[in-house]
Amino acid sequence: MKVYADNAATTQMSRTAIDAMLPYMERIYGNPSSLYTIGQEAAEALLQARTVMAKYLGCEAREITFTSGGSEADNQALLTGATLGEKKGKKHIISTAIEHHAILHMLKRLEKQGFEITLLDVPENGIISAEQVRNAIREDTCLVTVMYANNEIGTIQPIAEIGVVCKEKGVLFHTDAVQAAGHLPIDVKKENIDMLSLSAHKFHGPKGVGALYVRKGVPLTNLIEGGGQERGKRAGTENVPGIMSMAAAFEETCENMEKNAVKVAALRDKLIAGLARIPHSVLNGDPLQRLPGNVNFCFEGIEGESLLLLLDERGISASSGSACTSGSLEPSHVLLAIGRPHEIAHGSLRLSLSENSTEAEVDYILKAVPEVVDYLRKMSPVWRDLVEGRKEFLL
Ligand SMILES: *Cc1c(COP(=O)(O)O)cnc(C)c1O
């Protein structure tokens, strides 16, 4: 059996998303900046796509800028916040310790440029509070950036409450909603969000395309200089097929959101209940305030990497830590931030489901994982030390 359980890393494109690209590769391939008909047809299509994205985010079409994906949108949002802050002599940015590297690495760069960064501590359940944000805001704070939902442990942050605090304090608020978009209802106006990033390939759209919502009146800083595309804020000929496909995928996923969430959450909860029966294991992230498709466990006495290889042999695609950190020996920064000790964080497994997942797949995973964990523990010297009492169990 083949089981794809890594939908937080990327998703399979939907038929709708694939079909939406084709006309813009085969027939309407004009450059949207050109004045003749097939160029203008492409330009009109872009406006339609922008309107669809805006509809499901609760904003205006002109508040959507297309990007090459979530990382670019995150980078541009942070640079925008920093540039606006610097103009006013404000060089303090607030974020959390569990952000995606597209945020954390850009914050490191800004720190080298003289910005002061406060990374809020994250409690064991993986959810920060709006109070923490309020307490961290200073006179010189120019930007708050808090992810909507975490890519590793699936926890959902109180974005609307943080939005209220930022609005009250007059601080720009960005959220990396790459894991949330298409999976959780989002309304940027109601939630007082100034900037929001999303990425098509996390909701069955194509890779290499995303969007940044920016509240009108907030002047974007360019990452890419060149032509006047995207109101002069993001140069480069638009990825028309990708953008059309993203809009189609977003519409499809948003229209089916509730139905999908109910189905996927039921599978998730079955998976969580089953894996929790493995001795010396722990669920990472809040059991309730989490993405419908996210399951993340630590198993004591094993290495996540070996677990992944053995699951792959059984046809299961899963992840340990985030895709970017796998292959390195550093355990996940997210698991460390919620207080998992190094040796526990090393034995982590993330399974992320989608509406394409089935009950039979979940049953298959629930048979495979306990067997593989058991097998690895039997070979592990660390496990022997634990069982024979030379070391204390942490879980
Ligand atoms: C995947 C992801 C990104 C990066 O998006 P890309 O489109 O792959 O650049 C950023 N943030 C989060 C939370 C993600 O899950």
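Just so you know, these numbers come straight off a predicted model, no measurement behind them. In listed order, ligands and their atoms are each counted from 1.
Side-chain atoms of Glu255 and Tyr56 include a donor-acceptor pair closer than 3.5 Å.
Closer than 4.0 angstrom to ligand 1 sit non-hydrogen atoms from Gly69, Gly70, Ser71, Asp74, His100, Met147, Asn151, Asp176, Val178, Gln179, Ser199, His201, Lys202.
Checking Arg215, Lys189, Lys216 one by one against Glu63, the side-chain hydrogen bond (donor to acceptor under 3.5 Å, both in side chains) holds for a single residue, Lys189.
Ring centers of Tyr29 and Tyr24: at least 6.0 Å apart, outside the cut-off.
Listed by chain and number, the residues in a side chain to side chain contact (heavy atoms under 4.5 Å, CB included) with Ser352 are Asp6, Asn7, Ala8, Arg350 (sequence neighbours excluded). Under the side chain to side chain contact (heavy atoms under 4.5 Å, CB included) criterion, Arg134 pairs with Glu131, Val165, Glu168, Lys169, sequence neighbours left out. By the side chain to side chain contact (heavy atoms under 4.5 Å, CB included) test, Thr80 pairs with Gln76, Leu84, Met195, Val218, Leu220, Thr221, sequence neighbours left out.
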